[in-house]
Every structure is written in C-alpha cells, then in structure tokens.
Amino acid sequence: MSSTRQTPRNPMTARERRATLGLASVFSMRMLGLFLVLPVFALYAHELAGATPMMIGLAIGAYGLTQALLQIPLGMASDRWGRRPVIVAGLLLFALGSVVAALSESIYGVIAGRALQGTGAVAAAAMAMAADLTRDSQRTKIMAVIGISIGFSFLLALMLGPVIAGWWGLSGVFWFTAVMALAGIGVMYLLVPTPEQAPAPAGMAVSEQGRLWAVFKEPNLFRLDSGIFVLHLILTASFVVMPIALRDQLGVADNAHWRVYIPVLLASVVGMVPLLALGERRRQMHRLLGYVVLMLAAASFLLAFSVTAGVAWLWFALWLYFVAFNTLEASLPSMVSRYAPLEAKGAAMGVYSTSQFFGAFVGGVAGGGLYTGLGIEGVFAFCGVIALGWFFLARGLSAPVQTELAEAVIGDVKR
C-alpha cells in the first residue's frame with residue numbers, strides 16, 4: 001500500500017510535453033505582440049495625428065473589445081472546423097492588424113489596427129486544443145504552463161518594448177508583433193501535434209448552451225472571471241500613465257525605460273516564485289489569492305502616492321505591482337481549469353478569455369479618461385479601489401475539488 005502511494009502520479013507523455021511546449025510558445029508569441037505596446041505607446045503616440053489621452057487609452061485597449069466579442073464564437077468555430085485552422089486564421093488576422101497599425105500615421109489608424117489584431121481571438125480555441133491534446137489528469141499542468149508563459153511574455157514585453165521603440169519607433173513595435181504572429185503559425189505546424197478527433201464520452205455530450213450555463217452558475221468561476229477582468233483592467237489603465245510616471249518622476253529617457261523594468265522585474269521573481277510554489281504545491285492558491293490581490297491594491301495606491309512622495313517609493317511600488325500581477329497572471333488559468341466542470345472546460349476558458357480581454361478594453365478607455373480629468377494619481381488610485389473590490393470577492397473562493405482524484409474515479413466508473 002505504501003509503495004503505491006510513493007509511485008509518481010501519471011507523468012506527462014512525450015506527446016503531451018510537445019503539445020505543452022508548442023501551445024505555450026504560441027500563446028507567448030501572441031501575447032508578447034499585445035503587451036509590447038504597453039510600456040511605449042503613451043510615450044510615442046504624440047507622433048500620431050489626432051492623439052489625445054482618451055484616444056491613446058482607446059488605442060491601447062481597442063484589441064480587448066474585439067477579442068472579448070469573438071473569443072466564444074471562434075472557440076465554437078474551432079469545435080466545428082478544427083482547432084488548427086481557426087488558430088492559424090486568427091494569427092493571420094493578428095499579423096494583418098499589426099501591419100495596419102505599423103503603416104498608420106494617425107491615432108485612428110492605430111485604433112483600427114489594434115481592433116483588427118483583436119479579431120484574431122484564438123485563446124479559447126488554443127486552450128481547447130490543449131485540452132484535446134492532454135489527458136484530464138494533465139490539464140491543470142498545461143494550463144499552469146500557459147499561464148506562466150503569458151506572465152513571461154509580459155516580462156519580456158516590458159524589457160523589449162522600449163528597446164525596439166528606441167531603435168525603430170512605434171511602427172517598428174508593430175512590425176515586430178506581425179513577425180511574432182507569423183512565427184506562431186510556424187510553431188503550430190512544426191511543434192503542436194494534431195489532436196485525435198475522438199467522440200465525446202457517453203453521457204458527456206452537452207449542448208453549447210448547457211456548457212455555458214454550467215460555467216455561469218458556478219460561483220467560484222464567476223469570482224475568477226471577475227478577477228481576470230479586473231486584473232487586465234488595472235493593467236491597461238496603469239500603462240496609460242506608467243510610462244509617463246517613469247519619464248516625469250524618475251527622469252528616465254523614453255528609449256531607456258528598460259533600465260527600470262529589467263531590475264524591477266528580476267527582483268519581482270524573488271517574490272513571485274515562493275508565492276506560486278506555496279499556492280500550487282500545497283493546493284492553497286484559493287486561500288492565497290486574496291492576499292496577492294491585496295498586494296496589487298496596495299501597489300496601486302503606493303504608485304499614486306509615489307508620484308509626489310519620491311523615487312524610492314516609486315521603485316518599491318513597481319516591485320510590489322509586478323510581484324502581484326505576475327503571480328495572478330500565472331496562477332488564474334490553472335485555477336479555472338480546476339473549478340470548471342469536466343464537460344465544460346472549453347466553455348470555461350472561453351468565458352475566462354472573454355472576461356480578460358473585455359477588462360483590457362475597459363481599462364484602456366477608463367485610464368485615458370481618468371488621466372484627462374484626474375491625472376496620473378487618479379488613475380493609480382482608481383486601480384487600487386478596483387483591486388480592493390476584487391479582494392473582497394476573491395475571499396469567497398472555496399477549495400477546489402481534488403481534480404485528479406475525481407477524474408480517476410470517473411475513469412474507473414466508465415471502464
């Protein structure tokens with residue numbers, strides 16, 4: 001009996017590891033393209049005709065609206081026509097939107113390009129493909145890896161964005177995102193295996209409406225979907241003004257912001273890794289989540305305070321902000337996969353992705369509007385208030401069921 005307990009639990013197969021690496025790479029390349037504009041757009045947008053704070057915020061968040069509207073429809077399309085064709089088509093649309101933005105000389109053209117980027121809404125289809133290519137017992141692992149890859153993309157974007165913009169300007173950033181999208185198509189064909197189109201298990205065939213209803217009525221998923229909405233609202237609103245704060249408060253040149261981001265991001269890993277390890281290994285992320293959200297709220301208020309309090313406070317606030325954001329970005333997808341009903345994991349990821357990108361759109365618009373009326377401090381304070389609301393909502397999370405055990409029992413019953 002004791003020897004059975006000591007046996008390693010169901011490791012990933014070579015095919016599952018290949019699928020994990022391939023899909024995480026596609027996510028990383030795509031999200032890198034979306035994140036690259038965050039640290040530089042507010043600094044370089046004055047070169048565009050018609051640029052105002054509100055229009056800049058709209059341009060930053062425009063992709064989120066089209067992403068939010070199309071995540072679930074394209075996820076359903078991938079059920080009908082296959083995951084790979086939908087994902088490849090989405091990456092092509094993303095590349096096309098990048099080219100439109102790169103060639104634009106007005107803020108309106110960039111908004112159109114960013115909205116076109118968003119029509120490549122393939123997150124739900126890609127996560128559904130991840131589910132197709134892995135056994136039930138391994139899905140939490142692949143979702144966690146995808147979440148970490150998105151967090152890594154954010155870190156890399158903050159480092160690369162100022163460098164690329166310094167060399168080639170804002171248009172160079174968009175040309176780079178187009179190249180990343182095309183590279184993602186290459187990874188889809190070269191690395192990601194083709195899913196086996198197996199029929200749904202008996203008793204598991206559920207209508208799309210039924211799966212969506214199962215997701216909407218699950219209170220823990222509602223808390224997580226609301227959370228990712230707030231997280232990306234805060235992200236885009238913050239980065240309407242964050243580059244301006246670095247320039248005006250730290251005196252950092254527009255093309256040298258990477259000198260701030262790199263040390264702060266590297267230092268943030270020291271805080272992020274222990275939090276992820278504690279939450280994932282001990283299955284305590286549902287308890288830890290509220291405290292990490294509280295860190296994000298504190299960081300936002302500190303950023304508002306540091307605008308007038310001094311440079312040291314700004315450095316500390318940035319560190320705390322990135323520890324909290326990257327911990328949440330990496331952990332939320334795997335939490336969704338644990339709470340989602342077995343027959344509705346794809347629908348759950350579709351709703352999650354929709355919430356994420358709609359939050360990005362609202363954050364961009366809110367950040368631009370608040371900056372016009374209340375300044376940098378007002379935007380950061382708003383983010384702190386929104387994060388506090390999320391804290392109280394997150395505290396209601398219950399413990400997830402032991403997914404692997406539940407799935408093993410279901411498998412035994414079916415056999």
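Side-chain atoms are counted along with the backbone in the values below, which use heavy atoms only and exclude waters and symmetry mates. Bear in mind that the values here come from a model prediction, so they are computed numbers and not experimental data.
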Less than 3.5 Å apart, which donor and acceptor atoms pair up between the side chains of residues 110-117 and the rest of the protein, not counting sequence neighbours?
unit_1: R114; atom_1: NE; unit_2: A59; atom_2: O; d: 3.1
unit_1: R114; atom_1: NH1; unit_2: Q117; atom_2: OE1; d: 3.2
unit_1: R114; atom_1: NH2; unit_2: I60; atom_2: O; d: 2.7
unit_1: Q117; atom_1: NE2; unit_2: S98; atom_2: OG; d: 2.8

Write down the atom of [X], the atom of [Y], and the distance for their closest heavy-atom approach.
X    : Y   : value
V40  : L36 : CG2-O, 3.7 Å
A157 : F35 : CB-CB, 3.4 Å
P193 : R84 : O-NH2, 3.2 Å

(message) The criterion is salt bridge (Lys or Arg N to Asp or Glu O under 4.0 Å); which residues satisfy it with E377, sequence neighbours excluded?
(response)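 E377 satisfies salt bridge (Lys or Arg N to Asp or Glu O under 4.0 Å) with no residue once adjacent residues are dropped.
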(message) Out of the candidates V26, L190, L92, only one should pair with I185 under the side chain to side chain contact (heavy atoms under 4.5 Å, CB included) rule; please name it.
(response)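 Exactly one pass, corresponding to L92.
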(request) Only one of L296, V241, I234 passes side chain to side chain contact (heavy atoms under 4.5 Å, CB included) with C383; say which it is. (result)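 Going through the options one by one, the only one that passes is I234.
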Whether [X] side chain and [Y] backbone form a donor-acceptor pair below 3.5 Å:
X    : Y    : answer
Y339 : S398 : yes
S226 : F222 : yes
T177 : G33  : no
S28  : S25  : no
W319 : A267 : yes
R83  : A126 : no

(message) Pair M29, L91 - check side chain to side chain contact (heavy atoms under 4.5 Å, CB included), show working.
(response) CA-CA 10 Å; M29 291 174 179; L91 291 171; over 6 Å; no
(request) Would you check, one step at a time, whether the test side chain to side chain contact (heavy atoms under 4.5 Å, CB included) holds for R395 with R223? (result) CA-CA 9 Å; R395 291 182 64 191; R223 288 182 169 86; over 6 Å; no
From [atom1] ([X]) to [atom2] ([Y]), nearest 0.5 Å:
X    : Y    : atom1 : atom2 : value
I164 : L170 : CD1   : CG    : 11.5 Å
L133 : L23  : CG    : CG    : 6.5 Å
L246 : R259 : CG    : CZ    : 13.5 Å
L160 : M180 : CG    : CE    : 9.0 Å

(request) Go through L231 and W390 one step at a time and tell me if the side chain to side chain contact (heavy atoms under 4.5 Å, CB included) criterion holds. (result) CA-CA 9 Å; L231 184 63; W390 180 14; 3.9 Å; yes
(request) List the steps and the verdict of side chain to side chain contact (heavy atoms under 4.5 Å, CB included) for T236 and V240. (result) CA-CA 6 Å; T236 50; V240 171; 5.8 Å; no
Ring pair (Phe, Tyr, Trp, His ring centres under 6.0 Å) against [X], all qualifying residues, sequence neighbours excluded:
X    : result
Y352 : none
W168 : none
F325 : F154
F301 : none

(message) For F239 and Y261, take the angle between the two ring planes, folded into 0 to 90°, and tell me which bin it lands in: parallel under 30, tilted 30 to 60, perpendicular over 60.
(response)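 If you compare the ring of F239 with that of Y261, the planes turn out tilted.
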(message) For T66 and T119, which I'm curious about, is there any donor-acceptor pair between the side chains at under 3.5 Å?
(response)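 No, because no side-chain N or O of T66 sits under 3.5 Å from a partner of the opposite role on T119.
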